[in-house]
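Numbering of ligands and ligand atoms starts at 1, following listing order. As a basis for the values below, the full set of heavy atoms in this structure was taken, side chains included, without hydrogen atoms, waters or symmetry mates.
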Amino acid sequence: MAAKRLSNVPESGTVKIANIVSKLKQDGITDIISFSMGEPDFSTPGNIVDACKASLDRHFTHYTPSAGIPELRKAVADQAQAVNGIPCSPSNVLITPAKQAIFMGICSLVDDGDEVILPDPSWGTYEACVRLAGGVPRYVSTHTGTEFRMTPEAVAEAIGPKTSMILLNTPCNPTGAVMTKDEVKGVADLAEDHDLLVMSDEVYEKIIFEGEHTSIASLDGMFDRTVTINGVSKSYAMTGWRLGWAIAPNSIIKHLNTLQTHSLTCCVSFVQEAGVEAINGPQDSVNEMVREFRARRDLVMKCLDEIPTLNCSTPQGAFYLFPTFDHEMSSEDMAAYLLEEAQVAVTPGSVFGPAGEGRLRISYACSRQDIIEGMGRIKGALSKLQSSVK
Ligand SMILES: Cc1ncc(COP(=O)(O)O)c(C=O)c1O
């Protein structure tokens, strides 16, 4: 029994795997290496935790304005201006978890039958939100020759009379691809030429090893048609705090705020004060985490080199690999096989769109020891399978 709008919307594939792993661990099966988590394994930096405790000690424990506390909206706007070049003010910022911002942004802007251009592969929540809003996902293949970067040429081919929005995610979950400035600029030109809205999900912005991040809203004329999504989850190891934001012109942000007033009301008060410390406080722990992610990226690529039936190019950002596997089975069956045979949890590529079939997402947001152990187990399990490569 469910409303029709849910008929095309499965549970999040990434959260589903994470839930299975938690349940297995709860049931006492503890020898599982999880490459399924989309979250840093580091502790939230101490200065942020202390700011939260101080907020609680001051009993800052009531509702806040729905768009967020003024100090945090200002911190977000100042950072977006200074670091990303987005011409925004605090009134353009709505504080809400990043996933909620995507959900409310798409529900606010996408009408029945509107087409939304999405990279293929991409994070499954985009497609789910587009469908919930009554829109139609229009996937753009990114896997031929451009190492998963969504090119303006491919976007141009997908634009049609019903297109209303282009969705970008750079660095990308699940591929780690980082779009070049020219590519972002090319997509911006298309959005202007065809009068399209843009949603730019930049939650992995700080986790880049090669290349540089370009915020599409910083490009000439783009602020007025762009919703930028960001948050503290990935950069500051704060996934459980549920804090993020949307930045958009007032004509758009007011609609997200309307939805927020009827759903979340506001983000947790003392978490918002901790968020001010995350943004305005010392950034050394962010730099340290990124250094460690780079070392892990290099390590996991080295381990991958030793597995003949898994292949992918080196990701430039985020903390995921998205290799192909040369075995005759679906990605869902392969993920199930690795969990059963090797006690290693990975996410089936199929949850990231049509181009994900035949691939696995391996999150290396875990210790170096787990990477070595887990990749070794995968190698052993795959060598037991008949390779489909002649
Ligand atoms: C691409 C992408 N965007 C947004 C989010 C959601 O972030 P948050 O947990 O801060 O809501 C995630 C989380 O995995 C993600 O991978």
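Considering every non-hydrogen atom in both Trp241 and Val271, the closest pair reads O-CG1, 3.5 Å. The heavy-atom pair separating Arg359 from Phe325 by the smallest distance is N-CE2, 3.5 Å.
When Tyr320, Phe103, Phe319, Trp123 are checked for heavy-atom proximity to atom 6 (C) of ligand 1, Trp123 turns out nearest.
Among residues at least two apart or in separate chains, side chain to side chain donor-acceptor pair (under 3.5 Å) pairs with a member in residues 217-226 are Asp195-Arg225.
Side-chain polar atoms of Glu183 and Thr151 form no donor-acceptor pair below 3.5 angstrom. Inspection of the Glu71 and Asn280 side chains reveals no N or O donor paired with an N or O acceptor under 3.5 Å.
Looking at atom 7 (O) of ligand 1, its nearest protein heavy atom turns out to be Ala98 CB, 3.6 Å. For atom 10 (O) of ligand 1, the closest heavy atom belonging to the protein is Ser233 OG, 2.6 Å.
For Arg242, a nitrogen or oxygen atom sits less than 3.5 Å from a nitrogen or oxygen atom of ligand 1, counting backbone and side chain alike. The shortest N or O to N or O distance between Asp201 and ligand 1 is under 3.5 Å.
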Q: Show your working on salt bridge (charged side-chain N to carboxylate O under 4.0 Å, His left out) between Glu205 and Lys234 and close with a plain yes or no.
A: CA-CA 9 Å; Glu205 171 208 352; Lys234 316 288 177 175; over 6 Å; no

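Contacts between Tyr126 and ligand 1, counted as non-hydrogen atom pairs separated by less than 4.0 Å, involve the side chain only. Residue-level proximity to ligand 1 for Lys234 is carried by the side chain, the only part with a heavy atom below 4.0 angstrom. The proximity of Thr239 to ligand 1, defined as any non-hydrogen pair under 4.0 Å, does not occur for either the backbone or the side chain.
The contact set between ligand 1 and Asn173, taken as ligand atoms under 4.0 Å from a residue heavy atom, comprises 1 (C), 15 (C), 16 (O).
Residue Gln26 holds its CD atom at 6.5 Å from NZ of Lys23, rounded to the nearest 0.5 Å.
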